[in-house]
Amino acid sequence: MRFIVNQQKNLLISSMPIYGTLVVVFCMVLITLSEPLMGWVWVLCGCAITIAYLRLKHRLPCVKNLTLNLLAIFCMCLLIYLSDTFGLMATMINLLVVAACLKLINLQTPSDYHLVLVILFFLIACGFLYHQSIYIVAYYFACLVVLFVTAFLLNRGSLDIQQSVQQSIKMILQAFPIMLLLFIVAPRLPPFWQTPADASTQTGLSEQITPGDIANLAQSDELVFRAEFEDGKLPTPEQRYWRSIVLDYFDGKSWMLARDRYEYTQVYKPNTLTMQQTSNLNYKYLIIAQPNNTRWLYSLDIPVIDTSVGNVDVAMNYQYQLFQPQVGLKPSFYVLNSYTQAPKKQFDTIQDSRRYLQVPENGNPKTVKWIAANINSKMSFTEKINTINTFFLSQNFMYTLQPPLMQRDPVDTFLFDNQRGFCSHYASAMTYMLRLANIPARMVAGYQGGQEQGQNVISVHQFDAHAWVEAYDDNYGWIKYDPTALIAPERALTGLISALSATETSLLSRDTSNLFNLPIIDYMSDLIAIVDHNWSQLVINFDQKTQVGLIEKLFGELTYKSLFTFLILSIVIIVLFVTVLFLPYKTWLSKDRKTSLQIVLTFLEKHGFKKCKNESLNTFITRIKRDVHPNFFNKLDEFSQIFYTLEYKVDLSDEQKENLKTDMIKSRNILIKQTSKQIKLTHR
Amino acid sequence: MLTLPKSIVQLLNKLAHWFKHKRDTWIKKRIPSKNSIQLNINNTFILPTRFGLSCMGIAICLFVLGTNFQNNIILLLCYFILAMLLLSIFHSYFFFIQHKITFLDIQPDYDNRRLSLPINIESTVRYKGGNLFLKLGKEEILQAVGASSTNIKIPLKQLKRGRYRCPSISLSATYGFGLFKCYSQLTPKLWVIVYPRVQKSALTLASAKDASFVAQGNHAESLRTDDLQGIREYVSTDSLKHVSWKHAAKGMGMLTKDFNDNKGVTGWLRIDDFVHLGVEQALRCLCFQIQQLNKEQVQFGLNLGTTKILPQKGDEHVKNCLLQLSLFESSKYNNNTYSQSSFKEDDR
């Protein structure tokens, strides 16, 4: 068919900018999806982009469809084969990327372009599973706008590119208010079914820690949570131990949770009164936590939960760790009151002493030997602890992000051979030694420190991840020991960066904060933190509760009536918005209003005097003279005089014209106020 | 490969045909046949395109995804796409109705040539750019409408001689992001007239005397005596010298004085003289003769057996003769050697 041929040619020639834009946006989206993409998909993308580039540059013909189809089948097989290891979500994203790649190689008809657009829309949506910060969202929306502009360019007709871009951006911007309104109004539903949790976040502490794991976290600058303190009363740096997961089972290599999860979710409620009596210090703060793929949350010791605020039901278990009923898929916030000096006395003598004294049956013989040689049962709790601490101090231990691999008997290797490790190595070794020395002990994983932002906010990032030790003393309860602090005291006081050597600092991907101590940079980072904070409070955390709160704010109590009004009102707003956008008010404004003559003529026509087409106004008036009242005729004549003067007299000044115009309007108004009796002459 | 049994295919085809017929009659009822149409709410259908449908699909998927992961940003994206879809409906509609379509007369032509339907598209140009698709049968034209008035021609399919109703034209536009398609089916109130093609042959003009009908013969003879033969309506081929200015001055319009010398040769074209070639061939020969005689300013009549046209001259006459040729029904002709069932395709 002639038209199809034409159109194809058309697209191939004129759509080079569109083709290029699509490829660029594809790359932009790809960069953000580096996490779930498989290696070979990257290679395929590279090839596809190169081919696209060559085709653009040299205007090469299309690749044979058969080749592409075979390649597609091969890729599908590979994806299905690998789907088990990568999980459903990642496989789906890879599939989409592969499809987009293969289609990008051969873009021809508009429907090809549309297909790529649709795939990119979906990829962007998948990107939101991994990134939710305001900057990335802005970046993605910029991509979206470009994609829609591209869609516009595909059928722009005779409009040139610049005009089309302007026109389409205007049209796209109109969608944003509607989007926001829908966002606020549309009902929030609970999840339809349990979702695979792997996609949301993969960084963070896990329920099993092998020493060295946390070192990987140290290279991530992802935000974990923000704590906003009341009255600007911040804990001192050495008090900032944010407990998250308590690990009590050691298999010789890794620390993990010992029992089934049920035991860890039994709610423990400490006596607030005793805590108030025993602790002079208490901090009240709000925590906004990013989803972390587990049920565990963060707190300073010992927290009392303010249940009246927050979007999740937080509870504390017998290990003083906070948890929520479901794995967190979205940011949660809750308010705590922590009594930092209150003793942690929760200990079940029979059960817990067995639990916290567990050691693997064999392995790490050197450590066992050392404990047997240096510690005996006659020594007191403090003496035992001191012996171990002295060991750490006397040896040449080093704090490092890159500990050597310790495969067999890791504690032995760490303590006696390498003596180089990260916090989890120290915590793991010390807990193990304490247990061997017959002191109930456990490892606590969490975060230590945090960045102060403004007066009363502390932001904690993944690189603040830390592990420490808790040992139980009959008199004082659980006591916190941080062996890392013995080796690298700066770690606890000023954070990770200062504890590392200069070469290791460069390993950390974050920019080391404020190198030159410029106040403007401080100010900027504060501002960014505030924007981030508001973003996560207003948008990411917007849920049914917030929605209900909004309705209550607007209409008072939440009833069916107010809910109904709210919905109707929002629909009305959308309709109004659309009406305002599309009413032809421009043509109304620009169109000449009816002239006075037209008004008079229609008035006369209503009363039965119709002017013929080829009649002049004068002849018309003379024709109807016999039939109208003389008074009315005089007025009509006057009007026609003014009309003729205004229309046909040549040398009129502007002022005269204006006067005549007002005269004409006056005269017109007198005319059309006449009643039927005053107009028609009744012949007898 | 799986092949469906023939009967099922036939049934499906029948169903599709039936559906299409129903749809077309419904649309025809809705949109009356007219030559000048301002597109508006009454004659416009707004349908999602494939891209629009997939965007709706995406919006639904995103809603499920966003709800399941409790991810507000994905929901935000979902609402953005919904908003785009909503606005697109209006944008494409308002683009579409800024057009006014006027069908101009179709110039009749010979059956070995393709006729075309001239169309004038007026636009208020509220929205700039955009394409209109005009589709007539299998012929599609992509028209970019930039100016306030555009003239285009859509070729009709090759037709046999005859007179047909102008087929309906589907008009569509996917303005904006290509999410929605505005559609209208317009039927011009026009006739398509196809003359038989020209076939050269020797001029065979039967003189008036030979004609077997006497009344007309008298008529021709009686006019031979005078120099000034009479007055008739002016046709564009007439010489200005022959215009009766006296009448023109009286405001009676342009009239031409007919002189005897032009009238010198007069006669009848008869289908009987050519019918030995076959009816179609005969008509083609007659078509040539008519053209030729008109060029030579000869007055002639046309005798098609059942239909007769009195001897005359001028473009109107020629047009009339050619129309009769194209309408000629061979089945009604006595010496019918060709058994063609029906050429008439009036009510297509």
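Residue numbers start from 1 in every chain, and the chains themselves are labelled A, B, ... in the order their sequence lines are given, proteins ahead of strands.
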Looking only at heavy atoms, which two atoms of B/A83 and A/A175 are closest? And how far apart? CB-O, 3.4 Å

Looking only at B/I73, B/I74, B/L85, B/L132, the option with the highest number of non-hydrogen pairs under 4.5 Å against chain A is B/I73

Testing the basics here: between A/V118 and B/S54, what is the closest heavy-atom pair and its distance to 0.1 Å? CG2-OG, 3.8 Å

Given heavy-atom pairs under 4.5 angstrom as the criterion, report whether the side chain, backbone, both or neither of A/V578 touches chain B. side chain

Any side-chain heavy atom of B/R50 sitting closer than 4.5 Å to one from A/L115? no

B/R126 and A/L581: which non-hydrogen atoms are nearest, and at how many Å? NH2-O, 4.1 Å

OG1-CG distance between B/T174 and A/L154, expressed to the nearest 0.5 angstrom: 9.5 Å

Sidechain-backbone polar pair: B/Q70 side chain, A/L189 backbone, donor-acceptor under 3.5 Å: yes

Can you tell which part of B/L76 gets under 4.5 Å to a heavy atom of chain A, answering side chain, backbone, both or neither? both

Per-residue tally against chain B (heavy atom, under 4.5 Å) across A/F152, A/F122, A/F577, A/F141 peaks at A/F152

Which atoms of A/Q167 come close to chain B, meaning under 4.5 Å heavy atom to heavy atom: side chain ones, backbone ones, both, or neither? side chain

If I take atom NE2 from residue B/H91 and atom OG from residue A/S168, how far apart are they, to the nearest 0.5 angstrom? 10.5 Å

Under 3.5 Å, is there a donor-acceptor pair linking the side chains of B/N131 and A/R156? no

Pairs in or reaching into residues 121-139 of chain A: which pass salt bridge (Lys or Arg N to Asp or Glu O under 4.0 Å), with residues at least two apart or in two chains? none

What one should report as the nearest heavy-atom pair of B/N72 and A/R188 is OD1-NH1, 2.8 Å

For chain B, which of A/N155, A/I178, A/L153 has the most heavy-atom pairs under 4.5 Å? A/N155

Residue set satisfying ring pair (Phe, Tyr, Trp, His ring centres under 6.0 Å) with A/Y135, at least two apart, ordered chain then number -> none

Heavy atoms only: give me the nearest A/F121-B/L77 pair and the separation to one decimal. O-CD2, 4.1 Å

Show me the donor-acceptor pairs within less than 3.5 Å that the side chains of residues 176-183 of chain B make with the rest of the protein, sequence neighbours left out.
{"unit_1": "B/Y183", "atom_1": "OH", "unit_2": "B/Q185", "atom_2": "OE1", "d": "2.8"}

Between the CG atom in B/N71 and the CZ atom in A/F128, the distance rounded to the nearest 0.5 Å is 8.5 Å

Can you tell which part of B/L86 gets under 4.5 Å to a heavy atom of chain A, answering side chain, backbone, both or neither? side chain

Return the option, out of B/L62, B/L87, B/T124, B/I81, with the maximum number of heavy-atom pairs under 4.5 Å with chain A. B/L87

Which residues in residues 106-120 of chain B have a heavy atom less than 4.5 Å from any heavy atom of chain A? none

Do the non-hydrogen side-chain atoms of B/F90 and A/M171 ever get within less than 4.5 Å of each other? no

So, B/Y93 versus A/F582, ring centres under 6.0 angstrom or not? no

Does the separation of the ring centres of B/F80 and A/F148 fall below 6.0 angstrom? yes

For the atom pair SG (B/C55) and NE2 (A/H114), what is the distance rounded to the nearest 0.5 Å? 8.5 Å

